[in-house]
Structures are given as C-alpha cells and as structure tokens.
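Only heavy atoms go into these numbers, but all of them, side chains included; no hydrogens, no water, no symmetry mates. All values reported here derive from a predicted model rather than from experimental measurement.
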Amino acid sequence: MPHFRTYDDAELHYRVLGPADSPLPPLVCLAGGPGRDAAYLGDLGGMAADRQLIIPDSRGTGDSPAAADPSRYAFPQLSEDVEALREHLGLERFALLAHDAGAAVAQAYAAGHPQRLSRLVLVCPGSRLQGELPDDAQEIFASRAHEEWWPEASAAVQQLADASDLSEVRELLFAAAPLAYGRWDEPQRAHAATEGEQLGPVPRAGFWQGVDEQLRTALAAGLREVTCPVLVVTGDRDAVTGMRAGELVAASFPDARVRPLHEVGHYPWVDAPEVFGPVVEEFLHTA
C-alpha cells in the first residue's frame, strides 16, 4: 500500500485509483467528515475510469495512524500533509478536489501554497472559514417534510445533539442520513450505511482546535491571492451544508464559479454520477 512521509516524519497512507497510463494529470481528492475514512468517496461516481485519483487517508483515518500530537488534526496542519504528499508525488502543480470539511483543508492549502494549484474543486463545502453559517440547509430539510423518511430523520437530528454512546450515535446518524441525499434509494442507503463505522471521533474533535479568529481571518484573506480557477459544486437538496455556503466560499476567491446541481444532496457523485463527473471533468479540461 502506498505511503508518504510528512513534515513531522509521520507515515501516512494514500490510495491510487484509475489507469496508470492515463494521459490526464492526476486529481488529488480530500475527504471530509471531518475525520471520516476517505473510502466513502469511492471512485467519485466513475471518475477513476479515465484519470488517476489520489486519495490520502488523513491522520487517524483509514490506514493512516493516529497523530501523536492532537494538534496535528487541525485542518491547517492537515493542509501541510497535502504539501508533503505533493512533494512525494513529484508534482510541480496539481488539481485538488475536496468534499465537505475537506474543503477547509483545501482552502488552507490554497492560502498557504497558491502557486502549487492548477485547479481547485470544492464539493458541498461549509462556510465556517468565511465566518458565516447560513441557515438554508435547515430550510432545505424542512421543505422535504412530505417525504416518508422525514419524521424519523427529524427526530434523529434532535437526539444526536445529546447522544454520547457511540453505538447510539451510529444508529441516529443512519436514521438522519436521508437529509444528506437527493433521494433515498438503494445506492444512497448503501452509501449512508458506511458512515457510522467510518467516522473517527478524535480526528473529528481536533479539526477546528487551535483555529482562533485571528488565524481564521488570515486564512480567509489568503484566498484572495489564489489565482487558479475554482469550481464550487452545490446540491439543491443538500440539507447538510446547503447552497448558500458554497456561494460564500466561491466569493472568497478571485476566479471562482458555482455550479448548483438539481435534485442532488451532499454527495453528488452518489445522487447523480452521470452529471457530477462530466461537470468536474469539463472544468478540469477548461483552459
């Protein structure tokens, strides 16, 4: 299994999917959660058919070891692991895709190493780094109250706030899972069933640790210096981060566009792989 050594000599794991002889440059892909095993990305709805996807396991997830120092779980520190991966791969510049909380890692990387990115794709990002938390995700959730799964999901969301037992949390996460998808069919159910076992409580808890207001504003200001094109993908049924957050994230960059997807939730490659892949590939190919 491929590994790389990062700045503090930790040995972290990554996966490589797709053809080694592809004429297309590789795409580095960051998982979210935070602290979720990157296996949930799968092959991003078939994107590995023509292009290599390089998917690292962040510290304490997948096959990467736990951090000896808990401060290493904070997303600005995780961004330096991305830089170590770039050096290991010998890439002068590269395209980076990040989902959910992984978008915070990607933005920290872009702010610190803007010259290293050729393209940046942020999929269903939150906007905590921008200092705003829009409430349209709750509006999207409420708009789906007519769907049969909604009463159980609504109750689970309320119970999750007070749940502490890990097995109970996992059950509640699955009960609440339909709010994250554009529909609740078999592919969505199968994908959601993996979440409970894939979440790492310790990496999750450390993701924002040590990121005070001064650091947050400095990172956000650094995004104005990112010159590579940026694509932000949102879903109009995403009741996790909503759509407005993606608009705020895009507004942080000099050259960014938002692509909303219809009847798509927080995992676009699960809900609409036939749309998601081509949208991303078109962006990556655009001169």
Side-chain angles (χ1 to χ4, degrees), residues 1 13-15 17 29-49 53 55-58 60-64 66 97-103 123-126 137 140-141 144-205 207 233-242 261 263-277:
M1 303 293 281
H13 171 259
Y14 66 98
R15 288 182 296 135
L17 305 180
C29 306
L30 304 182
R36 186 172 178 182
D37 188 326
Y40 84 92
L41 295 175
D43 66 355
L44 289 173
M47 283 191 64
L53 306 182
I55 308 175
D57 289 332
S58 65
T61 72
D63 289 333
S64 289
L97 178 148
H99 173 247
D100 183 58
V123 182
C124 301
I140 292 171
F141 185 40
R144 302 181 69 185
H146 62 284
E147 299 188 50
E148 63 178 3
W149 51 261
W150 197 91
E152 183 181 3
S154 181
V157 169
Q158 296 178 43
Q159 294 171 48
L160 273 167
D162 299 318
S164 56
D165 179 75
L166 190 56
S167 61
E168 180 187 10
V169 168
R170 286 169 173 162
E171 291 178 4
L172 291 172
L173 282 172
F174 186 72
L179 66 87
Y181 297 90
R183 57 188 180 279
W184 193 230
D185 296 335
E186 183 53 37
Q188 288 77 11
R189 293 170 186 264
H191 188 261
T194 65
E195 181 179 10
E197 295 295 334
Q198 289 175 342
L199 285 177
V202 176
R204 184 180 182 86
F207 193 76
V233 178
T234 61
D236 66 0
R237 290 191 176 183
D238 182 356
V240 178
T241 55
L261 301 182
E263 296 187 350
V264 165
H266 195 59
Y267 303 97
W269 65 94
V270 177
D271 283 329
E274 73 286 354
V275 175
F276 175 76

Between [X] and [Y], what is the shortest heavy-atom contact and its length?
X    : Y    : value
A192 : A177 : CB-CB, 3.6 Å
L30  : P56  : CD2-CG, 3.7 Å
G32  : Y40  : N-OH, 2.7 Å
A101 : F207 : O-CZ, 3.3 Å
S58  : S64  : O-CB, 3.5 Å
L17  : G42  : CD1-O, 3.5 Å

How many angstroms lie between atom [atom1] of [X] and atom [atom2] of [Y], to the nearest 0.5 angstrom?
X    : Y    : atom1 : atom2 : result
I140 : R144 : CD1   : CZ    : 9.0 Å
L41  : L97  : CG    : CG    : 8.0 Å
D57  : D63  : CG    : CG    : 5.5 Å
E197 : L166 : CD    : CG    : 8.0 Å

Output a table of donor-acceptor pairs, distance under 3.5 Å, between side-chain atoms of residues 149-158 and any protein atom two or more places apart or on a different chain; print 'none' if there are none.
| from | atom 1 | to | atom 2 | distance (Å) |
| --- | --- | --- | --- | --- |
| W149 | NE1 | E147 | OE1 | 3.0 |
| W150 | NE1 | F141 | O | 2.8 |

Side chain to side chain, [X] and [Y], heavy atoms closer than 4.5 Å:
X    : Y    : value
T241 : D100 : yes
F174 : E195 : no
R237 : Y181 : no
L173 : L199 : yes
P268 : V123 : yes
F276 : V264 : no

Residues passing the side chain to side chain contact (heavy atoms under 4.5 Å, CB included) test with A39, sequence neighbours excluded, are D37, Q198

Side chain to side chain contact (heavy atoms under 4.5 Å, CB included) filter on V202, not counting sequence neighbours, yields Y73

Any sub-3.5 Å donor-acceptor pair from [X]'s side-chain atoms to [Y]'s backbone N or O?
X    : Y    : value
H99  : H266 : yes
R204 : R36  : no
D238 : V240 : yes

- Task: Classify the angle between the aromatic ring planes of W269 and Y267 as parallel (below 30°), tilted (30 to 60°) or perpendicular (above 60°).
- Result: perpendicular

key: Charged N-O contact under 4.0 Å between R183 and E263   = no

Margin query: One pair to check against side chain to side chain contact (heavy atoms under 4.5 Å, CB included): C29 and L44. What are the steps and the verdict?
Written below: CA-CA 9 Å; C29 306; L44 289 173; 3.7 Å; yes

Open item on the list: Does atom CD (E148) have a neighbourhood of more than 12 heavy atoms from anything else shown, all under 6.0 Å?
Closed with: no

